[in-house]
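Working notes, structure below.
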Amino acid sequence: MRFFVTLILCLIMTSCGFGHLTEVRNQDSHAPTAEECGSCHVEQFAEWQQTAHARAFVSPEFKLQSDQYQEEECLFCHSPGSVQNPEREARSYNREEGVTCISCHLYEQAMHGPHDSGALFSPHAITKNSKVNSKKDSSQLCGVCHEETYEQWRSLGATKHYPTCHGCHGVSVERPHTRGTDSFSNILVSFEPVHRVYSHYLILPNQPEQGTGPEIQLDAMEADTIHFRLKNSLPHDLPTGTYGTKELFVVLSWRQPDGTVVEKKKINISSVLAPGEEKSFAVIFPQKEYSRDLSIDLYRFHHSTQKATLIGSYPFAMDSF
Ligand code: HEC
Ligand code: HEC
Ligand code: HEC
Ligand code: HEC
Ligand code: HEC
């Protein structure tokens, strides 16, 4: 019956002309683009477009630091062919797509993913592969490029069970693999099984209570000094990353009961905290009578882009002191 339906669908679509989706020809730079994948995988494409992966090649910092793309050894990670290929080859086509769909999914003429084929009609071959499954071994796939970070995670994993990279950096969603874009494809999609998976967004998770973010603890409040501790409870360095210069800083802000900030103080943290490491701080910061609440915001600063990203906000109610 299923075969029959598939056959009919193929006939309706006049020919099963989807071979190009799994075909890469280096010699004439032919390969499917992320946009083509996105015509069916609408959500995955929209998510991926917002990530650093999609900018890994075109970012001005990369262009500059790779000497206008002259540095060949950078390209395997910033414009990779299939990361499942042990040959570690860079792409010569669609390089502006950076770390793209086919880098992670296409290998040996099939799309490698977390599940077996479950749809009525599959326009490309599918291979179930635990390395492209966020509940299984997908950290290995991340580790092909995030080498040092992966090694840190892996060496801890043996003793303590941390989530996979995607388990912290992705967002859990429930959905079929594709989205219909017209009435015909809507019918096809309605036959697809729904799966719980991690999306392609790359978030910076910050839920210290669930062990997915760094911890900040207030130890003591003296008349003019605040003592607090920053603990790296992550399974990798804080700040994370091998490339580029990153630095942490915290901003302490006193607030009035109505939320107005009364006073602020910024402290740079020049060291890198290894997993499990703590660092204590004593900050001279007079407690004003009219201010009750303190919040400590933790940021990372990228020297290449001169941009600061908020990692997390930690509020403390002063009446507990
Ligand atoms: C014409 C629509 C269409 C296009 C274009 C398309 N796909 Fe798919 N894809 C599907 C359908 C339908 C499924 C579900 C098939 C099934 O379950 O048998 C699927 C499944 C997948 C899966 C999930 C496999 C799993 O194990 O869960 C991945 C990964 C995937 N596609 C990647 C890609 C990539 C990468 C591209 C671009 C090179 C692409 N697809 C282009 C329709 C498409
Ligand atoms: C082919 C190499 C490659 C693979 C595989 C890869 N990454 Fe990346 N990743 C990069 C590069 C390169 C960057 C930096 C891009 C930039 O900043 O220009 C990056 C950036 C990131 C960032 C930083 C995001 C931000 O907004 O700053 C996170 C988080 C991340 N990757 C997580 C993952 C996870 C999780 C996986 C596995 C599912 C993975 N990566 C697989 C190469 C890779
Ligand atoms: C850095 C590697 C990486 C890149 C780049 C990437 N994916 Fe994925 N993709 C994964 C991983 C890992 C999973 C498994 C998620 C899970 O098991 O929860 C996945 C799952 C999927 C799935 C099945 C689950 C779902 O969301 O329905 C589809 C379809 C898919 N990807 C399509 C794409 C498309 C299309 C692109 C490009 C726009 C893309 N992927 C880019 C790593 C990647
Ligand atoms: C327990 C949750 C957790 C797990 C598991 C985890 N991370 Fe992270 N990761 C974080 C948090 C929180 C941050 C933000 C702190 C920072 O910027 O260093 C972060 C930061 C990062 C960054 C820097 C983001 C940026 O903006 O440039 C990268 C890259 C990264 N992680 C990659 C990985 C990889 C690869 C793995 C798997 C080997 C992994 N992470 C596993 C929680 C996690
Ligand atoms: C083994 C894979 C790999 C290679 C080789 C590689 N990169 Fe990266 N690059 C990454 C990953 C992963 C990230 C993001 C997380 C991190 O910093 O570890 C990144 C991030 C970057 C960033 C963003 C840094 C920032 O300031 O946040 C730049 C710029 C960059 N790389 C340039 C280069 C240049 C130039 C080369 C070649 C000399 C190179 N990379 C080689 C994997 C790689």
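Keep in mind that the numbers below use all heavy atoms, side chains included, and drop hydrogens, waters and symmetry copies. Both ligands and their constituent atoms are indexed starting at 1 by order of listing. Predicted, not measured: the structure shown is a model, and the values here were computed from it. Index from 1, following the sequence.
- One hydrophobic cluster, built from ILVMFWY side chains closer than 4.5 Å, holds both I267 and L238.
- For ligand 4 and T164, the ligand atoms under 4.0 Å from any heavy atom of the residue are 5 (C).
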Audit row: E43, R179, salt bridge (charged side-chain N to carboxylate O under 4.0 Å, His left out) steps and yes/no = CA-CA 7 Å; E43 286 168 46; R179 269 278 168 263; 2.5 Å; yes
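- Between D137 and S130, the side chains place a donor N or O and an acceptor N or O closer than 3.5 Å (distance only, hydrogens not considered).
- Transitive grouping of hydrophobic side chains (ILVMFWY, heavy atoms separated by less than 4.5 Å) brings L248 and I226 into a common cluster.
- Residue, atom and distance of the protein heavy atom nearest to atom 2 (C) of ligand 4 are C168 SG, 2.0 Å.
- For atom 8 (Fe) of ligand 2, protein N/O/S neighbours under 2.8 Å (waters excluded) are H53 NE2, H146 NE2.
- Atom 29 (C) of ligand 2 has H169 ND1, 3.6 Å as its closest protein atom, hydrogens excluded (heavy atom only).
- Distances below 4.0 Å separate heavy atoms of P80 from the following atoms of ligand 2: 1 (C).
- Remark: R25 engages E23 in a salt bridge, criterion side-chain N to carboxylate O under 4.0 Å.
- Side chains of L294 and L218 form a contact here, defined as non-hydrogen atoms less than 4.5 Å apart.
- The protein atom (non-hydrogen) at minimum distance from atom 42 (C) of ligand 4 is P205 CG, 3.6 Å.
- Using a 4.0 Å heavy-atom cutoff, V144 is absent from the residues neighbouring ligand 2.
- No more than 12 heavy-atom neighbours from other residues, nucleotides or ligands sit within 6.0 angstrom of NZ on K136.
- If you number the atoms of ligand 4 from 1 as listed, the ones under 4.0 Å from a heavy atom of W153 come out as 38 (C).
- At least one N or O atom of H177 sits closer than 3.5 Å to an N or O atom of ligand 3.
- Regarding atom 18 (O) of ligand 3, its nearest protein heavy-atom neighbour is Y198 N, 2.8 Å.
- The ligand atoms of ligand 4 that sit less than 4.0 angstrom from a heavy atom of C165 are 34 (C), 35 (C), 36 (C), 37 (C), 38 (C), 39 (C), 41 (C).
- Ring geometry for H105 against H200 counts as tilted: the plane angle lies between 30° and 60°, on a 0 to 90° scale.
- Both F76 and L141 belong to a common hydrophobic cluster when Ile, Leu, Val, Met, Phe, Trp and Tyr are linked at side-chain heavy-atom distances under 4.5 angstrom.
- Near P163, with a cut-off below 4.0 Å to any heavy atom, the atoms of ligand 4 are 5 (C).
- Close approach of ligand 3 to C37 is summarised as follows: ligand atoms under 4.0 Å from at least one heavy atom of the residue are 35 (C).
- When all heavy atoms of P214 and Y314 are compared, the closest pair comes out as O-OH, 2.6 Å.
- Counting heavy atoms under 4.0 Å from ligand 4, residue K246 does not touch it at all.
- Every atom of ligand 4 with a heavy atom of Y150 under 4.0 Å away is listed here by number and element: 38 (C).
- With hydrogens left out, the protein atom closest to atom 25 (C) of ligand 4 is R300 CZ, 3.6 Å, a heavy atom.
- The atoms of ligand 3 that sit less than 4.0 Å from any heavy atom of P114 are 17 (O).
- Judged by distance alone, the side chains of S313 and D297 do bring a donor and an acceptor atom under 3.5 Å apart.
- In this structure, C77 has a heavy atom closer than 4.0 Å to ligand 2.
- Close N/O approach between H236 and ligand 4 is found [any backbone or side-chain N/O within under 3.5 Å].
- Checked against a 6.0 Å centroid threshold, the rings of H195 and H115 count as neighbours.
- Proximity of P235 to ligand 4, defined as any heavy-atom pair under 4.0 Å, is confined to the side chain (atoms from C-beta onward).
- Around atom 8 (Fe) of ligand 3, protein N, O or S atoms at less than 2.8 Å number 2.
- Here the heavy atom of the protein found nearest to atom 26 (O) of ligand 3 is R175 NH2, 2.8 Å.
- Residue-ligand proximity, V83 to ligand 2, at heavy-atom distances under 4.0 Å covers atoms 1 (C).
- Between R91 and S103, the side chains place a donor N or O and an acceptor N or O closer than 3.5 Å (distance only, hydrogens not considered).
- Ligand 4 is approached by L234 to a heavy-atom distance shorter than 4.0 Å.
- In this structure, atom 35 (C) of ligand 2 is in close contact with the protein, since a protein heavy atom lies within 4.0 Å of it.
- In terms of protein heavy-atom proximity, atom 24 (C) of ligand 4 is closest to L204 CD2, 3.6 Å.
- Summary of contacts: the protein heavy atom closest to atom 12 (C) of ligand 2 is H78 CE1, 3.4 Å.
- Looking at S82, its side chain does come within 3.5 Å of a backbone N or O of L106 through a donor-acceptor pair.
- Of the protein's heavy atoms, S134 N, 2.9 Å lies nearest to atom 17 (O) of ligand 3.
- Under the 4.5 Å side-chain criterion, counting only non-hydrogen atoms from C-beta, R175 is in contact with Q44.
- When each atom of ligand 4 is checked for a heavy atom of T212 under 4.0 Å away, the hits are 1 (C), 2 (C), 12 (C), 42 (C).
- Looking only at atom types and distance, the side chain of H20 has a donor-acceptor partner in the side chain of E36 under 3.5 Å away.
- Close approach of ligand 4 to L238 (heavy-atom distance below 4.0 Å) involves ligand atoms 15 (C), 16 (C), 18 (O).
- The L141 neighbourhood of ligand 2 comprises atoms 5 (C), with distances under 4.0 Å to a heavy atom of that residue.
- For atom 5 (C) of ligand 3, the closest non-hydrogen atom on the protein side is T100 O, 3.4 Å.
- For Y69 and F57, the ring centers sit closer than 6.0 Å to each other.
- Residue contacts with ligand 4, taken as heavy atom pairs separated by less than 4.0 Å, do not involve T309 at all.
- Considering only heavy atoms from C-beta on, V250 stays 4.5 Å or farther from L230 through its side chain.
- Counting heavy atoms from C-beta on, the side chains of Q84 and N129 come closer than 4.5 Å.
- With respect to atom 28 (C) of ligand 4, the closest heavy atom belonging to the protein is T240 CG2, 3.8 Å.
- Separation of the H78 and F62 ring centroids falls under the 6.0 Å cut-off.
- Within the structure, the closest approach of P239 to ligand 4 falls below 4.0 Å when heavy atoms are considered.
- Side-chain N/O atoms of H303 and T245 include no donor and acceptor closer than 3.5 Å.
- Looking at I216 and F228, their side chains come closer than 4.5 Å, going by heavy atoms from C-beta outward.
- Side-chain atoms of N232 come within 3.5 Å of backbone atoms of H236 as a donor-acceptor pair (strictly under, hydrogens ignored).
- Contact annotation: for H166 versus ligand 3, heavy atoms closer than 4.0 Å belong to the side chain alone.
- Between S139 and Y150 the shortest side-chain heavy-atom distance falls below 4.5 Å.
- Looking at K307, its side chain never comes within 3.5 Å of a backbone N or O of S304 through a donor-acceptor pair.
- Side chains of D237 and T240: no donor on one and acceptor on the other come within 3.5 Å.
- The shortest N or O to N or O distance between S139 and ligand 4 is not below 3.5 Å.
- Looking at heavy atoms from C-beta onward, E89 lies in side-chain contact with N85 at the 4.5 angstrom threshold.
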